[in-house]
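Notes to accompany the following structure.
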Amino acid sequence: MRRLAFLSGLLVFLLAGCSRSLAKEESPLLILRYADNQPIDYPTTTAARYFSALVSDRTEGKIQIRVFGGGELGEELEVLDQVAYGGIDFSRFSLGTFSKFQPQTKVLQLPYLYRDSAHMWRVLDGPIGEAFLASMQRYGAVGLCWFDAGARSFYTTEPVNRLEDLQGKVIRVQESDLMSEMIRLLGARSVQIPYGSVYSALQTHKIDGAENNIPSYQFTGHYEAAPYLFLDEHFRLPEVVLMSFAAKGKIAMVEPSFVGVVMQCAKEASLYERELWRKAELECEEKLKASGCTITYPEQAEIARWREAMRGIYDQFAGEDAEIIRQIQSQ
């Protein structure tokens, strides 16, 4: 909490410093655009503004990054295309979305791949994560850093405490073949319905449960219709911040060293975003407990059974992908 308070204070300081820097320059030499589909006060967009403030301060106002939240510049897939073509300079993407264009990143999204949050960050902040960021140049963009999007767990209308309790249940999932296959291997049945229809589907018992991260579960009010949360954390889906090649070129024209400055600012913004996300999770978890929601924290021995059920998915990966999985699991 002290670290978060410090970072929040630093953001205010940097924003103030940004104003002073801009005062030195009658106008910035370069204005770039950053797109995010989340509301402006969401952890990812707050971190984007922190990133913008860092860049402005360290370039003495020569480069200004304007952050557009709430999908103002388009939906995620549209923005991804624009970043590839240079129409938008920066954006943050779900790895689930990005993997449609770069299938190699699917290996980072396997169910029960990471033992916990600390394990995932050891992987993503290490050589494996850096290699994947570098590989994003194949898509025509620069991978800057990783953002947190929490862990996804099951919530249901009836208690789930062990694998047997999920058998035969109807579970809503995103439009994802991987998620649907995971549900099948766990002995349940998946259905893909719009996110906005989940609450009513739970209320009318068209589905027995769904899965998502804790903040989404709490913010949407889904806990009112499905008050049993089983924290199996089956998916940890990191998000990636990309910079277009065009933006990199424009930054270098202002000052070649500023490219490195921007990349370092993005790394620092990623740490800030993770603190914001961690705080949001803790706050939501306390609200859920106060509302009477039942939260089950499964033992590792139980989760090992759920992980073992995923063997059919892991067996599909061979060669280089299988070696990456082995390296991840050994960390």
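Residue indices begin at 1 and follow the sequence shown.
With 3.5 Å as the limit, one finds no donor-acceptor pair spanning the side chains of Trp277 and Glu273. Judged by distance alone, the side chains of Asn161 and Tyr228 never bring a donor and an acceptor atom under 3.5 Å apart. In this model, no donor atom of one side chain and acceptor atom of the other lie less than 3.5 Å apart for Glu239 and Thr44. If you check the side chains of Glu255 and Ser257, you find a donor sitting under 3.5 Å from an acceptor. Donor-acceptor pairing under 3.5 Å is lacking for the side chains of Gln327 and Gln331.
By the 30° and 60° cut-offs, the orientation of the rings of Phe154 relative to Trp306 is tilted.
By the neighbour-count criterion of 12 heavy atoms within 6.0 Å, atom NZ of Lys267 is densely surrounded, having more than that number from other residues, nucleotides or ligands. In this structure, Arg305 places its CZ atom where more than 12 heavy-atom neighbours from other residues, nucleotides or ligands lie under 6.0 Å away. Counting heavy atoms of neighbouring residues, nucleotides and ligands inside a 6.0 Å radius, atom CD of Gln167 exceeds 12 of them. No more than 12 heavy atoms of other residues, nucleotides or ligands lie within 6.0 Å of CG in Asp177, so this atom counts as exposed by the packing criterion. Other residues, nucleotides and ligands contribute over 12 non-hydrogen atoms within 6.0 Å of the CD atom of Gln316. Within 6.0 Å of the CD atom in Glu299, the count of heavy atoms belonging to other residues, nucleotides or ligands does not exceed 12.
Under the ring-ring contact (aromatic ring centres under 6.0 Å, His included) rule, Tyr272 has a single partner from Phe147, Tyr50, Phe51, which is Tyr50.
Annotation: the span from Leu32 atom CG to Ser52 atom OG amounts to 9.5 Å, rounded to 0.5 Å. Between atom CZ of residue Phe68 and atom CD1 of residue Ile40 there is a gap of 9.5 Å, rounded to the nearest 0.5 Å. The distance from the CD atom of Glu211 to the OG atom of Ser216 is 10.0 Å, given to the nearest 0.5 Å. Annotation: the span from Phe98 atom CZ to Gln104 atom CD amounts to 9.0 Å, rounded to 0.5 Å. Summarising the geometry, atom OH belonging to Tyr314 is positioned 11.0 Å from atom CD belonging to Glu308; distances are rounded to the nearest 0.5 Å. Of the inter-residue distances, the one linking Arg162 atom CZ with Phe230 atom CZ reads 11.0 Å to the nearest 0.5 angstrom.
Listed here is the closest heavy atom pair of Glu281 and Ala151: OE2-N, 4.0 Å. Nearest approach of Leu288 to Ser291, heavy atoms of both residues: O-OG, 2.7 Å. Shown here for Leu231 and Ser153, the closest heavy-atom pair between the two residues is CA-OG, 3.5 Å. The two residues Cys145 and Ala266 make their nearest non-hydrogen contact at SG-O, 3.4 Å.
Using a 4.5 Å heavy-atom threshold, the side chains of Tyr223 and Leu202 count as separate. The shortest side-chain heavy-atom distance between Thr157 and Gln203 does not fall under the 4.5 Å cut-off. Ile214 is listed as a side-chain neighbour of Leu229, based on a closest heavy-atom distance under 4.5 Å. Residues Met182 and Phe235 form a side-chain contact, since some pair of their non-hydrogen atoms from C-beta on lies under 4.5 Å apart. Looking at heavy atoms from C-beta onward, Asp232 lies in side-chain contact with Tyr112 at the 4.5 angstrom threshold. Residues Arg49 and Tyr34 fail the side-chain proximity criterion, which asks for heavy atoms closer than 4.5 Å. The shortest side-chain heavy-atom distance between Leu242 and Phe90 does not fall under the 4.5 Å cut-off.
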Q) Please walk me through it: do Gln300 and Arg115 pass side-chain contact (heavy atoms from CB on, under 4.5 Å)? A) CA-CA 9 Å; Gln300 284 303 309; Arg115 293 183 294 278; 5.7 Å; no
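Applying the side-chain hydrogen bond (donor to acceptor under 3.5 Å, both in side chains) test to residues at least two apart or on different chains, the pairs with a partner in residues 76-85 are Glu76-Thr97.
Contact check on Arg184 versus Glu181 returns a salt bridge, with a Lys/Arg side-chain nitrogen under 4.0 Å from an Asp/Glu carboxylate oxygen. The pair Lys279-Glu275 does not count as a salt bridge, with every side-chain nitrogen at least 4.0 angstrom from each carboxylate oxygen.
The backbone N or O of Ala226 sits less than 3.5 Å from a side-chain atom of Tyr217, completing a donor-acceptor pair.
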